[in-house]
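First comes the structure, then the notes that go with it.
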2 protein chains.
Amino acid sequence: MSNSKLYKGSLSTIILKLLAETHKMYGYEITQKVKELTQGELTITEGALYPALHKLEANGFLEVEMQRVDNRLRKYYKLTQAGNQEKVSRIEELERFIETIQGIVNPKPSLG
Amino acid sequence: MSNSKLYKGSLSTIILKLLAETHKMYGYEITQKVKELTQGELTITEGALYPALHKLEANGFLEVEMQRVDNRLRKYYKLTQAGNQEKVSRIEELERFIETIQGIVNPKPSLG
DNA sequence: CAAACATACATAATTTTCTTATGCATAAAA
DNA sequence: TTTTATGCATAAGAAAATTATGTATGTTTG
């Protein structure tokens, strides 16, 4: 992840979310999808992406299926059941974080 | 920062924001304020806080004033002018991040 | 009165998650 | 033929946390 800038920890949540929607994606496709969805705001670097995918797989959240397309190799990933559960809790966590930090950065004036 | 969980990179933004509101705070006070504002959701650990304060100070964003209260030493921090500017751009960055990631996690269904 | 908890600072070792740089390979475009 | 795009991968290093300590004073509590 790069460029716009911060907040390490969100990449694997993004991956899980995209895979929950699209069922099956390969690495390069994920980078392009994120660029598209964010209008170039977020650029997933390969050095961040591939280790993240490998870790999610090692944790049993993703499973892999190789496919050769136009004489190029693709590694398709999809969510396991555990991965789907993980996605749910990661998204909740992210939304809780956003609420929490907005409570600091945009505090609602107290009632009264 | 701990507990609820993630998103490294937001701590110094939080510090800058709190100091912009309260003008002058010491470390322990910041941890308590964050606990209070987030109803315990966010706990700033000392191992994260003090290095972050030192770095902000080294970068010229904070200035320090020591004070002895009840025979205990406090290090009060306040924003410099550069720190106030930095606060503005960090907050903008944070809000851009939140919009960006919500575009992924809560995509608006395309029109039509 | 002793132990626990709260206040107040600090740092060191380690871990997690990135960036940056590099490498390999195929294919299309300039 | 060099650059760009597609597609994977890893290694070195940096940044920002966690976890574990350490020091010191003051208050509460069993």
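Convention: sequence-line order gives letters A, B, ...; per-chain numbering from 1. Computed from a predicted structure; not experimentally measured. Quick note: numbers below take in every heavy atom, side chains included, and nothing from hydrogens, waters or symmetry partners.
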Checklist entry - Does anything in residues 45-66 of chain A pair up under ring pair (Phe, Tyr, Trp, His ring centres under 6.0 Å), and if so which pairs, sequence neighbours excluded? => result none
What does the list of N/O pairs under 3.5 Å between the protein and nucleotides 27-30 of chain C look like, with a distance for each?
residue, atom, partner, partner atom, Å
dA27(C), OP1, Asn71(A), ND2, 3.2
dA27(C), O4', Arg72(A), NH2, 3.0

Next on the checklist: Please report the distance, rounded to the nearest Å, between CD1 in Ile44(A) and P in dC18(C).
Outcome noted: 8 Å
Item to check | Atom pair distance, as rounded to whole Å: CG in Leu49(A) and P in dC18(C) | outcome: 10 Å
Checklist entry - With sequence neighbours excluded, what pairs up with Glu65(B) under the salt bridge (Lys or Arg N to Asp or Glu O under 4.0 Å) test? => result Lys24(B)
Checklist entry - So, is Lys55(B) close to the dA15(D) phosphate, meaning a side-chain N or O under 4.0 Å from OP1 or OP2? => result no
Next on the checklist: Among residues 59-69 of chain A, which ones have heavy-atom contacts with DNA chain C below 4.0 Å?
Outcome noted: none
Nucleotides 10-12 of chain D: which of its N/O atoms have a protein N/O under 3.5 Å away?
residue, atom, partner, partner atom, Å
dT10(D), OP2, His54(A), ND1, 3.4

Checklist entry - Listed by chain and number, what are the side chain to side chain contact (heavy atoms under 4.5 Å, CB included) partners of Thr31(B), not counting sequence neighbours? => result Tyr28(B), Ile44(B), Leu49(B)
Checklist entry - Between Leu53(A) and Gln32(A), who's closer to the 5' end of DNA chain D by nearest nucleotide? => result Gln32(A)
Checklist entry - Taking atom CD1 of Ile91(A) and atom CD of Glu86(A), what is their separation to the nearest 0.5 Å? => result 10.5 Å
Checklist entry - Roughly how far apart are Glu41(B) CD and Ile104(A) CD1, rounded to 0.5 Å? => result 10.5 Å
Checklist entry - Can you name the salt bridge (Lys or Arg N to Asp or Glu O under 4.0 Å) partners of Glu57(A), sequence neighbours left out? => result none
Checklist entry - Quick one: is Lys8(B) getting a side-chain N or O under 4.0 Å of the dT15(C) phosphate, OP1 or OP2? => result no
Next on the checklist: For Glu99(A), give me all partners under side chain to side chain contact (heavy atoms under 4.5 Å, CB included), at least two apart in sequence or on another chain.
Outcome noted: none
Checklist outcome for this item: By salt bridge (Lys or Arg N to Asp or Glu O under 4.0 Å), Lys17(B) pairs with (sequence neighbours left out) Glu21(B)
Item to check | Distance in angstrom units between Tyr77(A) OH and dG7(D) C1', rounded | outcome: 11 Å
Checklist outcome for this item: The side chain to side chain donor-acceptor pair (under 3.5 Å) partners of Ser12(B) (sequence neighbours excluded) come to Arg90(B)
Next on the checklist: Output the rounded distance in Å from CZ (Arg74(B)) to P (dA10(C)).
Outcome noted: 14 Å
Next on the checklist: Quick check for you: among dC8(D), dT20(C), dA8(C), whose closest atom lies nearest to any side-chain atom of Tyr26(B)?
Outcome noted: dA8(C)
Next on the checklist: Within a 6.0 Å radius of atom NZ on Lys75(B), are there more than 12 heavy atoms belonging to other residues, nucleotides or ligands?
Outcome noted: yes
Item to check | Atom-to-atom span, NZ of Lys35(B) to C1' of dA8(C) - whole angstrom | outcome: 13 Å
Checklist outcome for this item: Rounded to whole Å, the CG-C1' distance (Leu11(B) to dT16(C)) equals 16 Å
Item to check | Spacing of Ile30(B) atom CD1 relative to dA8(C) atom C1', expressed in whole Å | outcome: 13 Å
Next on the checklist: Please enumerate all residues that pass side chain to side chain donor-acceptor pair (under 3.5 Å) together with Glu95(B), with sequence neighbours excluded.
Outcome noted: Asn106(A)
Checklist entry - In whole angstrom, what separates Leu94(A)'s CG from dT17(C)'s C1'? => result 16 Å
Checklist outcome for this item: Hits for side chain to side chain contact (heavy atoms under 4.5 Å, CB included) against Thr22(B), two or more places apart or cross-chain, chain-then-number order -> Met25(B)
